[in-house]
Amino acid sequence: MALTAILLSMKADNSKKDLLCHKWIQFAFKRNGETAPEPIDKSMAKTCIFDPDGAYVELMGLKASGHYFLNSAQTKIALQFENINGKNMPASADTTKHYNIIILRLTKDTLIYGQEANYGEKRVYGHDDWYFVREK
């Protein structure tokens, strides 16, 4: 009985990563403080590719690649870019992972994440939201 519970919890731990590991195409964007997302023109859409081995590719005019990391609760993502348009980025002395992308919704067909930041003169916390559909 205990073994079954452990195996089920292990599968649950991997489920967000399993859902995330696909190619995602942006279809909308919502700025911090706005109430509704706005559709994105396909020519301006971001494409994100999350691989099971932690590799990450982002296309939005430029091609950036590197790695992604999920926090232990699998609710936030940190990105580490290593290459932009074929040119390696210099290694950073900062090895801290900044989990500043919060997963707001993740299903087999939809990814919505918020890019966390502090806004305005008073540095008020909020996030811009990116809306994606999984490429089939």
Main chain of K76, side chain of N71: is a donor-acceptor contact present, judged purely on distance under 3.5 Å?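 Here the side-chain-to-backbone pair exists.
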
Has R123 got a side-chain atom pairing as donor or acceptor with N118's backbone, closer than 3.5 angstrom?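 At least one qualifying donor-acceptor pair exists.
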
Transitive ILVMFWY side-chain link [X] to [Y], under 4.5 Å:
X: L106; Y: F29; answer: yes
X: W130; Y: L19; answer: yes
X: V133; Y: M44; answer: no
X: Y125; Y: I101; answer: no

Are the side chains of [Y] and [X] in contact, using a 4.5 Å heavy-atom criterion?
X: D129; Y: L104; result: yes
X: L70; Y: L20; result: yes
X: M89; Y: N83; result: no
X: E82; Y: H67; result: yes
X: I77; Y: I102; result: no
X: S65; Y: Y56; result: no
X: H127; Y: N32; result: no
X: R134; Y: W24; result: yes

Of the non-hydrogen atoms in [X] and [Y], which two are nearest, and what is the gap between them?
X: A64; Y: I84; answer: CB-CG1, 4.2 Å
X: K97; Y: A78; answer: CB-CB, 4.1 Å
X: A45; Y: Q26; answer: CB-O, 3.3 Å
X: F132; Y: K46; answer: CE2-O, 3.7 Å
X: Q115; Y: N100; answer: NE2-ND2, 3.3 Å
X: D51; Y: Y68; answer: O-OH, 2.7 Å

Could you please spell out the steps behind the side chain to side chain contact (heavy atoms under 4.5 Å, CB included) verdict for H22 and I49? CA-CA 6 Å; H22 294 285; I49 304 167; over 6 Å; no

At what distance, to the nearest 0.5 angstrom, does [atom1] of [X] lie from [atom2] of [Y]?
X: I112; Y: K30; atom1: CD1; atom2: NZ; value: 9.5 Å
X: K136; Y: I25; atom1: NZ; atom2: CD1; value: 12.0 Å
X: L79; Y: F50; atom1: CG; atom2: CZ; value: 6.5 Å
X: M60; Y: C48; atom1: CE; atom2: SG; value: 9.5 Å

Is it true that the side chains of D109 and T107 contain a donor and an acceptor less than 3.5 Å apart?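 No.
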
Output, in order, the C-alpha distance, side-chain angles, deciding distance and verdict of side chain to side chain contact (heavy atoms under 4.5 Å, CB included) for E58 and F81. CA-CA 9 Å; E58 182 176 298; F81 293 105; 3.8 Å; yes

Do Y113 and Y131 have their ring centres less than 6.0 Å from each other?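 Aromatic pair excluded; centres sit 6.0 Å or further apart.
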
